[in-house]
Amino acid sequence: QVQLVESGGGLVQPGDSLRLSCSVSGRTFSMYDMGWFRQAPGKEREFVAAISRSTGTSTYYADSVKGRFTISRDNAKNTLYLQMNSLKREDTAGYYCAAVRGEGFNNLYSAYVYDFWGQGTQVTVSS
């Protein structure tokens, strides 16, 4: 069983930065493809970013965050990150990390393929 715990959310102003972390239990973190999703009140959960297993050579971003957000992983620390820069009000949401093994990288934009989820961390962008 894999457990994921997000942290790093908070209240920030437009234009600010935040870094989210996702701590993953277990010894096999490097074997999982990882993703970040977000969900605002009254809206469906949407894809934010994904990173491939092992060295994380491949990354994938939603158009809405491309150029502003960066996903990365540190396998030695069993931790996934999401660096968020130039935050906008529309980035306000609960942010969730997710893990999956054995899924094609091209499918990682879909929430349905992920096996494990964290409980989420809230990001609020407001002046």
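Below, each value reflects all heavy atoms present in this structure, side chains not excepted, and no hydrogens, waters or symmetry copies. Everything quoted here is computed from the prediction, not taken from an experiment.
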Asks: Are Y61 and V123 connected, step by step, through hydrophobic side chains (Ile, Leu, Val, Met, Phe, Trp, Tyr) whose heavy atoms are closer than 4.5 Å?
Replies: yes
Asks: Who passes ring pair (Phe, Tyr, Trp, His ring centres under 6.0 Å) against Y32, sequence neighbours left out?
Replies: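 Y32 satisfies ring pair (Phe, Tyr, Trp, His ring centres under 6.0 Å) with no residue once adjacent residues are dropped.
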Asks: Would you call the rings of F37 and Y114 parallel, tilted or perpendicular, taking 30° and 60° as the class edges?
Replies: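 Taking Y114 first and then F37, their aromatic rings stand perpendicular (interplane angle over 60°).
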Asks: Is there a side-chain contact between S7 and V5, using heavy atoms and a 4.5 Å cut-off?
Replies: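 Sidechains of V5 and S7: no contact.
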Asks: Is it the case that T57 and T55 place a side-chain donor and acceptor less than 3.5 Å from each other?
Replies: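 A pair is found: one side chain offers a donor N or O, the other an acceptor, under 3.5 Å apart.
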Asks: To the nearest 0.5 angstrom, please state how far the CD atom of Q1 sits from the OG atom of S25.
Replies: 8.0 Å
Asks: Starting at OG of S86, measure out to CG of D16 and round the result to the nearest 0.5 Å.
Replies: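 CG of D16 is found 9.5 Å from OG of S86.
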Asks: State which residue, out of Y60, Y96, W36, fulfils the ring pair (Phe, Tyr, Trp, His ring centres under 6.0 Å) condition with F47.
Replies: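 So the option named by the test is Y60.
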Asks: How about Q3: does its CD atom have over 12 heavy atoms from other parts shown lying under 6.0 Å from it?
Replies: no
Asks: Might you point out which heavy atoms bring S17 and N85 nearest each other, and give the distance in Å?
Replies: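 Looking at all heavy atoms of both residues, the shortest contact is OG-OD1, 2.9 Å.
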Asks: First locate atom CD1 of I71, then atom SG of C97, and finally report the distance between them rounded to the nearest 0.5 Å.
Replies: 9.5 Å
Asks: What are the two closest heavy atoms between L20 and Y95, and how far apart are they?
Replies: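 Closest heavy-atom pair between L20 and Y95: CD1-CB, 3.5 Å.
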Asks: Check S127 against P14 and note the closest heavy-atom contact, atom names and distance.
Replies: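 Scanning both residues, the minimum pair turns out to be N-CD, 3.8 Å.
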Asks: Is it possible for you to say whether F116 and V100 belong to one hydrophobic cluster, with membership spreading through side-chain heavy-atom contacts below 4.5 Å?
Replies: no
Asks: Given the rule that I, L, V, M, F, W and Y join up when any side-chain heavy atoms are under 4.5 Å apart, are V48 and V113 in one cluster?
Replies: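 No, it is not one cluster - the side chains of V48 and V113 are not joined through contacts under 4.5 Å.
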Asks: Does D33 use its side chain to pair, donor to acceptor, with the backbone of R53 at less than 3.5 Å?
Replies: yes
Asks: Looking at S23 and T79, would you say the former's side chain and the latter's main chain have a donor-acceptor pair under 3.5 Å?
Replies: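 No, the answer is negative, given that no donor and acceptor are paired below the 3.5 Å cut-off.
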Asks: Under the salt bridge (charged side-chain N to carboxylate O under 4.0 Å, His left out) test against R38, which residue among E46, E44, E90 passes?
Replies: E46
Asks: Grab the two heavy atoms, one from T124 and one from Q122, that are nearest each other, plus how far apart they are.
Replies: OG1-NE2, 3.4 Å
Asks: Say whether, by atom type as modelled, one donor and one acceptor occur between the side chain of N75 and the main chain of S54 under 3.5 angstrom.
Replies: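 Yes; at least one donor-acceptor contact below 3.5 Å.
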Asks: From L82 CG over to S72 OG, what is the distance, rounded to the nearest 0.5 angstrom?
Replies: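 One finds 8.5 Å between CG of L82 and OG of S72.
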Asks: Nearest 0.5 Å, please: how far is CG in L4 from CE in M34?
Replies: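 That separation rounds to 5.0 Å.
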Asks: Is it true that L18 and F69 fall in one hydrophobic cluster, defined by side-chain heavy atoms closer than 4.5 Å?
Replies: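 Yes; tracing contacts between hydrophobic side chains, which count when under 4.5 Å, links both residues.
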Asks: With a 4.0 Å cut-off, would you call D63 and K66 a salt bridge?
Replies: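 K66 and D63: salt-bridged.
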Asks: Group every Ile, Leu, Val, Met, Phe, Trp and Tyr by side-chain heavy-atom contacts under 4.5 Å, then state whether L80 and L108 land in the same group.
Replies: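 No, it is not one cluster - the side chains of L80 and L108 are not joined through contacts under 4.5 Å.
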Asks: Please give me the minimum heavy-atom distance between D91 and V125, naming the atom from each residue.
Replies: CB-CG2, 4.4 Å
Asks: Spell out, as yes or no, whether a donor-acceptor pair under 3.5 Å connects the side chain of E6 to the backbone of G120.
Replies: yes
Asks: I'd like to know if the side chain of R73 pairs up with that of S30 as donor and acceptor (distance under 3.5 Å, no hydrogens or angles considered).
Replies: no
Asks: With rounding to the nearest 0.5 angstrom, report the CD to CZ distance, Q83 to R68.
Replies: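 Atom-to-atom, Q83:CD and R68:CZ are 12.0 Å apart.
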Asks: Please report the closest heavy-atom contact between F105 and I51, naming both atoms and the distance.
Replies: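 Taking every non-hydrogen atom into account, CE1-C, 3.9 Å.
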